[in-house]
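Read the structure below first, then the notes.
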Amino acid sequence: MKNSRHILLKARRQIIGDRIGNNPSMFRGEGFDFIELREYVSGDDTRHIDWNVTAKTGRPFVKVFREERELNVLSVGLLGGGLHFGSQKFKIESVAEAVALIGYSAVANGDVFGHCNYSETLRNEIRPSKKRFSVQQSVESVLNAEILHRRVDLNLAVKELYRRIKRRSLIVLIGDFFEIPDIRVLARKHEVVAIVVRDHAEESPSPMGFSALIDPESGAVLEGDFSERSVKRYRERVRAHDRELFEMFRTSGVRATKLYTDANAIVTLRRLFEGRV
């Protein structure tokens with residue numbers, strides 16, 4: 001497993017390189033104050049259409065916003081035993097990479113960055129700061145977490161975030177999401193983004209014949225014949241689960257993407273925050 005220094009150094013170089021190349025912050029367009037309504041023109045962000053006014057007037061109107069000077073960014077590690085898996089690298093490393101990139105981008109943009117980790121309950125919290133040290137602390141808290149035989153209570157995490165985070169924030173949820181939480185209330189209060197960390201081998205495994213597998217969350221041993229037929233059924237269940245998951249994100253107004261362990265994390269995240277996924 002990569003150490004925190006390697007992940008932090010790579011992420012910082014990528015964020016600095018982006019800024020030298022005059023690329024905007026990953027969080028461009030996230031923090032806004034509402035100013036007025038005006039008629040829609042080609043090229044406007046359709047997410048800003050006011051559907052109530054549009055229905056009353058019969059013409060599309062969009063909300064116009066003024067960008068806030070400072071954005072409150074919170075990354076949330078959803079840390080369960082399932083992250084102790086990966087064919088290219090462990091999924092927990094991809095979580096740490098995402099936290100590092102989000103943190104450094106926020107700090108470089110002059111925004112406030114904080115982080116917390118959840119499993120069954122809140123595990124630890126890094127207080128919001130504009131200092132790079134908070135990014136280091138956050139990444140180390142992810143990589144040093146004991147995740148084997150731990151599971152994530154997603155609905156508890158969402159309820160706790162709603163209760164605890166008072167100021168409107170950009171909340172980035174990072175985990176493998178093999179359970180489907182109810183995010184609607186949290187997404188009405190905050191801007192919520194989800195990063196679904198996966199490995200191709202867990203979504204589409206190869207037949208293994210008779211094998212014994214260990215559940216990294218419960219420690220239970222599952223023995224059986226993992227034939228082509230049984231693996232095909234598993235793949236179909238995963239695809240059905242993910243269709244339901246991303247439909248939930250869509251209807252809740254939550255932007256989401258998958259981050260695979262073999263992917264370039266900064267490319268995936270930039271596409272997500274620029275609205276190209």
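Just the heavy atoms: all of them, side chains too, but no hydrogens, waters or symmetry mates, feed the values below. This chain uses plain numbering: 1 for the first residue, then up along the sequence.
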If you count every heavy atom of other residues, nucleotides or ligands that lies below 6.0 Å from K131 atom NZ, does the total exceed 12?
no
Check the hydrophobic clustering (I, L, V, M, F, W, Y; side-chain heavy atoms under 4.5 Å; chains of links allowed) and say if V172 and V197 are grouped together.
yes
Identify the two heavy atoms, one from E228 and one from P207, that lie closest to each other, and give their separation to 0.1 Å.
OE1-CG, 3.0 Å
May I have the step-by-step check of salt bridge (charged side-chain N to carboxylate O under 4.0 Å, His left out) for R233 and E236, ending in yes or no?
CA-CA 5 Å; R233 287 198 301 268; E236 290 171 351; over 6 Å; no
Starting at CG of L78, measure out to SG of C116 and round the result to the nearest 0.5 Å.
8.5 Å
Do the side chain of T268 and the main chain of I266 share a donor and acceptor less than 3.5 angstrom apart?
no
Grouping ILVMFWY residues whenever side-chain heavy atoms fall under 4.5 Å, the cluster of V238 otherwise contains Y234
May I ask you to list the residues sharing a hydrophobic cluster with L213, side-chain cutoff 4.5 Å, ordered by chain and number?
M208, L222, F226, V231
Would a single hydrophobic cluster contain both V73 and V193, if residues Ile, Leu, Val, Met, Phe, Trp and Tyr are joined by side-chain heavy-atom contacts under 4.5 Å?
yes
Only pairs at least two apart or in different chains count here, so list each ring-ring contact (aromatic ring centres under 6.0 Å, His included) that has a residue in residues 79-133.
H84-F90
By side-chain contact (heavy atoms from CB on, under 4.5 Å) - contacts of E120 (at least two apart)
R150, R151
Between S119 (side chain) and T121 (backbone), is there a donor-acceptor pair under 3.5 Å?
no
Step-by-step side chain to side chain contact (heavy atoms under 4.5 Å, CB included) determination, I92 to V142:
CA-CA 7 Å; I92 190 70; V142 171; 3.6 Å; yes
Neighbour count above 12 (heavy atom, 6.0 Å) for I214 CD1
no
Can you get from I7 to L9 by hopping between Ile, Leu, Val, Met, Phe, Trp and Tyr side chains that sit under 4.5 Å apart?
no
Got a sec, which residues hit side-chain contact (heavy atoms from CB on, under 4.5 Å) with S204, two or more places apart in sequence or on another chain?
R235
Looking at I102, is its backbone amide N or carbonyl O close enough to the side chain of S105 to form a donor-acceptor pair, meaning the two atoms are under 3.5 Å apart?
no
Are V112 and L71 packed together at the side-chain level, in the sense that at least one heavy-atom pair is separated by less than 4.5 angstrom?
no
Keeping H190 on the side-chain end and L170 on the backbone end, is there a donor-acceptor pair under 3.5 Å?
no
Decide, yes or no, whether a salt bridge links E203 with R239 under the criterion of side-chain N to carboxylate O below 4.0 Å.
no
Distance col, row E39:CD vs T54:OG1, nearest 0.5 angstrom, shows 9.5 Å
Determine the minimum heavy-atom distance between A265 and L101, stating which atoms define it.
CB-CD1, 3.7 Å
Name of the residue among V196, L154, L161 meeting side chain to side chain contact (heavy atoms under 4.5 Å, CB included) with L173
L161
The complete set of salt bridge (Lys or Arg N to Asp or Glu O under 4.0 Å) pairs with one or both residues in residues 80-108, sequence neighbours excluded, reads K2-E97, K89-E97, K91-D176, K91-E202
Would you find more than 12 non-hydrogen atoms of other residues, nucleotides or ligands less than 6.0 Å from K258 atom NZ?
yes
Tell me if the CD atom of E146 is crowded by more than 12 foreign heavy atoms within 6.0 Å.
no
Could you see if I195 belongs to whatever hydrophobic cluster contains I165? Use Ile, Leu, Val, Met, Phe, Trp, Tyr and a side-chain cutoff under 4.5 Å.
no
N124: what forms a side chain to side chain donor-acceptor pair (under 3.5 Å) with it, not counting sequence neighbours?
N117
Please determine whether side chain to side chain contact (heavy atoms under 4.5 Å, CB included) holds for the pair V76 and I171, giving the CA-CA distance in whole Å, both sets of side-chain angles, and the decisive distance to 0.1 Å.
CA-CA 7 Å; V76 181; I171 299 177; 3.9 Å; yes
Find the distance between CG (L37) and CZ (F61) and round it off to the nearest 0.5 Å.
7.5 Å
Side-chain heavy atoms nearer than 4.5 Å, only ILVMFWY residues, links allowed to pass through others: does that put V95 and F249 together?
no
For residues F177 and F246, establish whether the separation of their ring centroids is below 6.0 Å.
no
Where the side chain of R255 meets the backbone of V192, is there a donor-acceptor pair that is under 3.5 Å apart?
no
Sorted by chain and number, sequence neighbours left out, ring pair (Phe, Tyr, Trp, His ring centres under 6.0 Å) with Y260 holds for H200
Residue pair S75, I174: steps toward the side chain to side chain contact (heavy atoms under 4.5 Å, CB included) verdict:
CA-CA 7 Å; S75 61; I174 314 169; 4.3 Å; yes
Residues passing the side chain to side chain donor-acceptor pair (under 3.5 Å) test with R5, sequence neighbours excluded, are none
Could you walk me through whether L79 and L83 satisfy the side chain to side chain contact (heavy atoms under 4.5 Å, CB included) test, starting with their C-alpha distance in whole Å, then the side-chain angles of each, then the deciding distance to 0.1 Å, before giving a yes or no?
CA-CA 7 Å; L79 308 185; L83 295 176; 3.8 Å; yes
Partner set under side-chain contact (heavy atoms from CB on, under 4.5 Å) for S4, not counting sequence neighbours:
L8, V139, E140, L143
Mark yes when over 12 heavy atoms from residues, nucleotides or ligands other than R123 sit less than 6.0 Å from its CZ; otherwise mark no.
yes
My understanding is that only residues two or more places apart in sequence, or in another chain, count here; which of them pass side-chain contact (heavy atoms from CB on, under 4.5 Å) with S252?
R184, M248, V254
One pair to check against side chain to side chain donor-acceptor pair (under 3.5 Å): D111 and N109. What are the steps and the verdict?
CA-CA 6 Å; D111 295 323; N109 201 45; 2.9 Å; yes
Non-neighbouring partners of R12 that pass side chain to side chain donor-acceptor pair (under 3.5 Å), sequence neighbours left out
none
